[in-house]
Number of protein chains: 2
Amino acid sequence: MSENAVRRPTIVEVARLAQVSHQTVSRYLRHNGGLKPDTVRRVEAAIEELGYRPNLVARSMRTRRTGRLAVVLPAPALLLPTRLLSAAAAVAHEAGFLMEVVSVEGGPVERSRHAWELISSGQVEGVLSLSSLPGLSDQPRTASSAAFVVVGEYDDELRGIGELADASVVGEIIEHLAGVGHRHFVHIAGPDAWSSARARRQVYTEVIERLGLVSHGVVDGDWSAQCGYDAVRALAEDSPVTAVIAANDPMATGAVRAALDRGWGVPQRLSVSGWDDLELGRFATPSLSSVVVDREEQGRVAMERLIALVRGEPEPEAARLPLNRLVLRESTGPAPVLGRRA
Amino acid sequence: MSENAVRRPTIVEVARLAQVSHQTVSRYLRHNGGLKPDTVRRVEAAIEELGYRPNLVARSMRTRRTGRLAVVLPAPALLLPTRLLSAAAAVAHEAGFLMEVVSVEGGPVERSRHAWELISSGQVEGVLSLSSLPGLSDQPRTASSAAFVVVGEYDDELRGIGELADASVVGEIIEHLAGVGHRHFVHIAGPDAWSSARARRQVYTEVIERLGLVSHGVVDGDWSAQCGYDAVRALAEDSPVTAVIAANDPMATGAVRAALDRGWGVPQRLSVSGWDDLELGRFATPSLSSVVVDREEQGRVAMERLIALVRGEPEPEAARLPLNRLVLRESTGPAPVLGRRA
DNA sequence: CGTGGAATAGTGATCGTTCACTTTTCCGTC
DNA sequence: GACGGAAAAGTGAACGATCACTATTCCACG
C-alpha cells in the first residue's frame with residue numbers, strides 16, 4: 001500500500017551527509033543548543049538536501065510522549081459544540097498539544113471502549129469526553145499514564161462542574177414568566193441521555209411545583225427544530241398553555257414556527273424560550289429569548305483540567321464556574337388575558 | 001510528567017508469563033492463527049493477568065501504518081460542516097481507519113505547514129483538508145507516503161469536483177427571481193479565501209450581466225448573520241434593490257431581520273435567499289429560500305477519494321457529483337410593483 | 001607548555017512491536 | 001522406527017528516534 005513513495009530519510013542519513021553523528025542531528029532537532037555554528041550549518045544543509053522530516057512516531061515511542069490530546073464525540077453529533085471545541089483547541093495548542101477530535105460511532109459503551117483504547121494504547125496523552133464514558137473509571141489505572149476528563153455540561157454522572165447551577169437558569173425563566181402572568185407551561189426537553197437535558201428537566205419540574213404553577217407535560221425532544229414544531233402542533237387549540245420552555249434554540253425555533261403556523265402570536269399568545277443563544281436565534285423573527293452559555297469558557301476550563309491532569313499538576317481551581325445568563329428577547333412576553341386570543 | 005502510573009506491561013512480559021516467545025504473543029495479537037488452543041489459553045491468561053494492552057505507537061513504528069486519517073480545519077471554523085464530517089467519519093471507520101479532526105490556528109500558510117507536518121511525520125496516512133493548503137503540492141513527494149485530498153467545495157485551487165456546477169445554482173436563483181419581476185440585486189458574499197464563496201460571487205456577476213440585470217454591489221461578508229444584517233441595513237431607504245442573494249443561511253437570516261426591522265416586508269418588499277438549507281432556516285419566519293447541499297455526500301466522496309489514494313487504488317469515478325438543489329420558501333417572492341412599498 | 005573544566009561531539013543501548021528466518025514439534029506414512 | 005513435510009514456536013534484527021554515558025576538542029590560566 002502506497003509504496004509508491006521513496007523511503008523517507010532518517011536521522012542517520014542526515015548525520016552521514018553532514019558528517020556528524022546521529023546524536024548531533026538529534027540535538028539540533030531538539031534545539032538543545034551547544035552546537036558550533038559550523039555544525040549547525042552542515043546539519044541544516046543535509047536536512048534541506050535530503051528533505052528530511054523527523055518521524056514523530058519514532059520520537060513518540062522513545063519519549064513516551066505524543067503531544068496529542070483527543071476529544072471523543074458521539075459520531076452522530078449533529079450539534080457539534082464548535083465554540084467549545086475551538087476554545088479547547090486554543091488552550092491545547094497554547095500548551096503545546098495537538099488536539100484531535102475523534103468521533104466514535106455506536107453507543108456510550110462502544111465510545112467508552114474506544115476512548116479507553118486511545119488512552120491505553122499510548123496514542124494520546126489525555127482524553128476529553130463530551131459524553132459519558134460508562135465504566136471507564138473502573139478500568140485498572142495501572143495500564144495507563146493517560147488522563148481523561150468528562151466535560152461537566154455533558155457529563156452523565158451528575159458530577160460536572162456547576163451542573164445544577166447551570167440548569168438553575170430554567171428557574172429564572174419560569175420565575176420571570178410567572179411574574180408576567182404565565183401559569184401554564186410545557187417543557188420541551190432534550191434526550192435523556194444528556195445530563196444537561198436531565199438537569200434542565202429536573203429544575204423545570206421542581207420550580208413549577210415550588211411556585212404552584214401547572215405543567216402540561218414534558219416533551220421528549222431530540223434537540224431538533226422539528227420536534228419543537230411537533231410539540232406545539234400537538235397542543236389543543238384551546239390549550240391553556242401560554243409558555244414553552246425549550247431546552248435548546250432549535251427546538252424553540254420549531255415551537256415558535258408551529259405557534260405562528262396555527263395563528264398563535266409569539267409572544268402574544270405563546271411565549272417561547274430557548275437555550276444556547278445561537279446567532280440565528282438573535283436574528284430570527286421574533287428573536288429568541290434564550291440562555292447565554294459561555295461555551296468558550298467551558299471548553300477552556302475542561303481543557304485546562306485535562307492538561308493539568310496530564311502533567312500531573314494539581315487541578316486548577318474549580319472556582320471558575322461558567323455563568324449562564326438569561327437573555328430576554330421578543331419570543332417571550334406577558335401572558336395573554338385569559339380566554340382571549342391575541 | 002504523569003509518572004504516577006505504573007509502567008505498562010510489554011509483549012515480552014506477557015510472553016514470559018505465558019511461557020512462550022514474544023513472537024507467539026505477537027501472533028496471537030495479530031490473529032494470525034496457527035496457535036495451539038492451549039497456547040492461546042496461556043497467552044490470554046497472561047494478557048488478562050497483566051492487564052496488557054498493545055502499544056499502538058510501537059506497532060505503528062514497525063508497520064509504518066497508523067490507521068489514522070486527519071481532517072484539517074481552520075481553528076475558527078465556527079461553521080463546522082458537521083454533516084460532512086459525520087459522513088466522512090463513517091466512511092473512514094468503515095474502511096478501518098480512525099478519523100481525526102485537527103483544528104489548526106493561524107492562516108492558510110500555517111495550516112498548510114501543519115498539514116504537511118502531519119503527513120510527513122508519519123503520524124497519519126492521509127489528510128483531508130476542508131480549506132486550501134497553499135504550497136502543499138510543491139512539497140517534495142519523496143519524503144512522504146501519505147496522501148492528501150482537498151474537498152472541492154472548500155478548495156482554493158478551483159479544481160474541486162463539480163465546483164462551478166455547484167455555484168451554478170446561483171444562476172437558477174437569479175433566473176427565478178428575474179422571472180417574477182426582480183431587476184435589482186445585491187449579493188452578500190462569503191470571505192474571498194473560500195473558493196465556494198468566490199465561485200458563487202463569480203456566477204452571480206456573470207448571470208446578472210448575462211440577463212441584463214442590475215447588481216447594486218457585492219458585500220464582503222464573513223458568513224455571519226450580523227454582516228447580513230448590516231448589509232441590508234446599509235441600503236438606502238429608497239433603494240431599488242428587491243432581491244438579496246446571500247451566500248449562506250446565517251447571512252440571509254441577518255438580511256431578513258434587517259429588512260423587517262426597517263419595515264420592509266419579506267418577501268413583499270425584499271426577497272432573500274440563502275445557502276445550505278439549515279434546519280433553522282426551514283423553521284424561521286419567513287422560512288428561508290435556500291440551496292440544499294448534500295454535505296453527507298460531499299463528505300463521503302471526499303473520504304472515499306482519500307482512502308483510495310492512501311491505498312494506492314485508482315480514484316473512484318468522479319461521476320458522483322453532489323447535487324445542489326434550489327428550494328423556494330417564504331423569503332422569496334414576486335418583485336414589488338415599482339414605486340410602491342409593501 | 002601542561003592542565004583542567006566547560007563546550008561539543010560520539011557510542012551504544014533502548015523504547016515495544018513486527019518481520020524474516022530458523023528451529024522444533026507433531027503426525028502420518030513407508 | 002526413520003523420514004518428510006506441515007504446523008507451531010522461537011531467535012534476532014529491524015523500525016527511527018532519544019537517553020545516558022563517554023570521548024574529544026577547545027581555551028583560559030598557572
Side-chain angles (χ1 to χ4, degrees), chain A residues 1 3 5-43 46-47 50-67 120-123 125 143-145, chain B residues 1 3 5-44 46-47 50-67 117 120-123 125 143-145:
Chain A
M1 308 208 177
E3 295 303 344
V6 179
R7 208 180 58 75
R8 301 172 42 189
T10 74
I11 207 175
V12 177
E13 291 160 64
V14 171
R16 187 157 43 225
L17 184 60
Q19 295 190 293
V20 297
S21 78
H22 65 270
Q23 173 61 2
T24 300
V25 178
S26 177
R27 274 197 196 93
Y28 169 80
L29 292 172
R30 307 295 313 286
H31 315 106
N32 270 349
L35 295 193
K36 283 206 256 184
D38 181 59
T39 311
V40 170
R41 218 171 298 120
R42 288 213 311 280
V43 171
I47 287 177
L50 294 176
Y52 168 82
R53 311 248 60 193
N55 181 323
L56 264 44
V57 172
R59 175 180 293 171
S60 289
M61 174 159 176
R62 179 72 246 230
T63 61
R64 297 154 160 290
R65 305 215 51 206
T66 59
S120 67
S121 70
Q123 298 226 92
E125 299 186 44
S144 156
S145 63
Chain B
M1 309 217 178
E3 294 305 343
V6 180
R7 208 178 59 76
R8 301 172 44 189
T10 75
I11 209 175
V12 177
E13 290 161 65
V14 171
R16 186 156 45 222
L17 184 60
Q19 296 190 294
V20 296
S21 79
H22 61 110
Q23 172 60 3
T24 299
V25 178
S26 177
R27 275 199 195 92
Y28 168 80
L29 292 173
R30 306 293 315 286
H31 314 105
N32 271 351
L35 296 193
K36 283 205 262 187
D38 181 60
T39 310
V40 170
R41 218 171 298 119
R42 290 212 311 280
V43 171
E44 280 174 346
I47 287 177
L50 294 176
Y52 168 82
R53 310 247 62 193
N55 181 324
L56 265 43
V57 172
R59 176 180 294 172
S60 289
M61 173 159 178
R62 181 69 247 230
T63 61
R64 297 151 158 292
R65 307 217 50 207
T66 59
E117 199 74 35
S120 66
S121 71
Q123 298 226 94
E125 299 185 43
S144 158
S145 62

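As the structure is a prediction and not an experimental result, all values here were calculated from the model. First the proteins, then the strands, lettered A, B, ... as listed; each starts at 1.
Separating the CZ atom of A:Arg64 from the P atom of D:dA20 is a distance of 12 Å, rounded to the nearest angstrom. A straight line from CE of A:Met61 to P of D:dC19 spans 14 Å, rounded to a whole angstrom. Rounded to whole angstrom, the span from the CZ atom of A:Arg42 across to the C1' atom of C:dT8 amounts to 12 Å. Rounded to whole Å, atom C1' of D:dA17 lies 15 Å from atom CZ of A:Arg53. A:Arg59 places its CZ atom 14 Å from the C1' atom of D:dC19, with the value rounded to the nearest Å. Rounded to a whole Å, the CD atom of A:Gln123 is 20 Å from the P atom of C:dC15.
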_Stepwise side chain to side chain contact (heavy atoms under 4.5 Å, CB included) test for B:Gln123 and B:Glu117_ = CA-CA 9 Å; B:Gln123 298 226 94; B:Glu117 199 74 35; over 6 Å; no
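Of the possible polar contacts, none joining the B:Ser121 side chain to the A:Asn55 backbone as a donor-acceptor pair under 3.5 Å is found. Checked by atom type and distance alone, the side chain of B:Glu125 never pairs as donor or acceptor with a backbone atom of B:Arg65 at under 3.5 Å. Within the 3.5 Å criterion, the main-chain N or O of B:Ser120 finds a donor-acceptor partner in the side chain of A:Arg8.
Taking a 4.0 Å limit (strictly below) on heavy-atom distances, residues 13-30 of chain A reaches DNA chain D at A:His22, A:Gln23, A:Ser26, A:Arg30.
A:Ile47 meets the side-chain contact (heavy atoms from CB on, under 4.5 Å) test with A:Val14, A:Tyr28, A:Leu29, A:Val43, A:Tyr52; sequence neighbours excluded.
Pairs engaging residues 11-24 of chain B under the salt bridge (charged side-chain N to carboxylate O under 4.0 Å, His left out) rule: B:Arg7-B:Glu13 [sequence neighbours left out].
Comparing B:Thr39 and A:Thr63 along DNA chain D, the residue whose closest nucleotide (by nearest heavy atom) sits nearer the 5' end is B:Thr39.
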Would you be so kind as to tabulate the donor-acceptor pairs closer than 3.5 Å made by side chains of residues 18-25 of chain A, with sequence neighbours excluded?
{"residue": "A:Ser21", "atom": "OG", "partner": "A:Gln23", "partner atom": "N", "Å": "3.4"}
{"residue": "A:Ser21", "atom": "OG", "partner": "A:Thr24", "partner atom": "N", "Å": "3.4"}
{"residue": "A:Ser21", "atom": "OG", "partner": "A:Thr24", "partner atom": "OG1", "Å": "3.3"}

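Within 4.0 Å (heavy atoms only), A:Leu35 reaches sugar-phosphate atoms of the nucleic acid but no base atom.
One axis for each end of the helix from C:dC1-D:dG30 to C:dC30-D:dG1, each built from five base pairs, and the angle between them comes to 60° at 10° resolution.
Taking every heavy atom of both residues into account, B:Leu50 and B:Pro9 meet most closely at O-CG, 3.6 Å. Taking both residues in full, the closest heavy atoms of B:Gly122 and B:Thr66 are given as O-CG2, 3.3 Å, listed atom of the first, atom of the second, then distance.
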At a cut-off of 3.5 Å, list every protein nitrogen or oxygen paired with a nitrogen or oxygen from nucleotides 24-27 of chain C, distance to 0.1 Å.
none

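Below the 3.5 angstrom threshold, one finds a donor paired with an acceptor across the side chain of A:Arg62 and the base of D:dT18.
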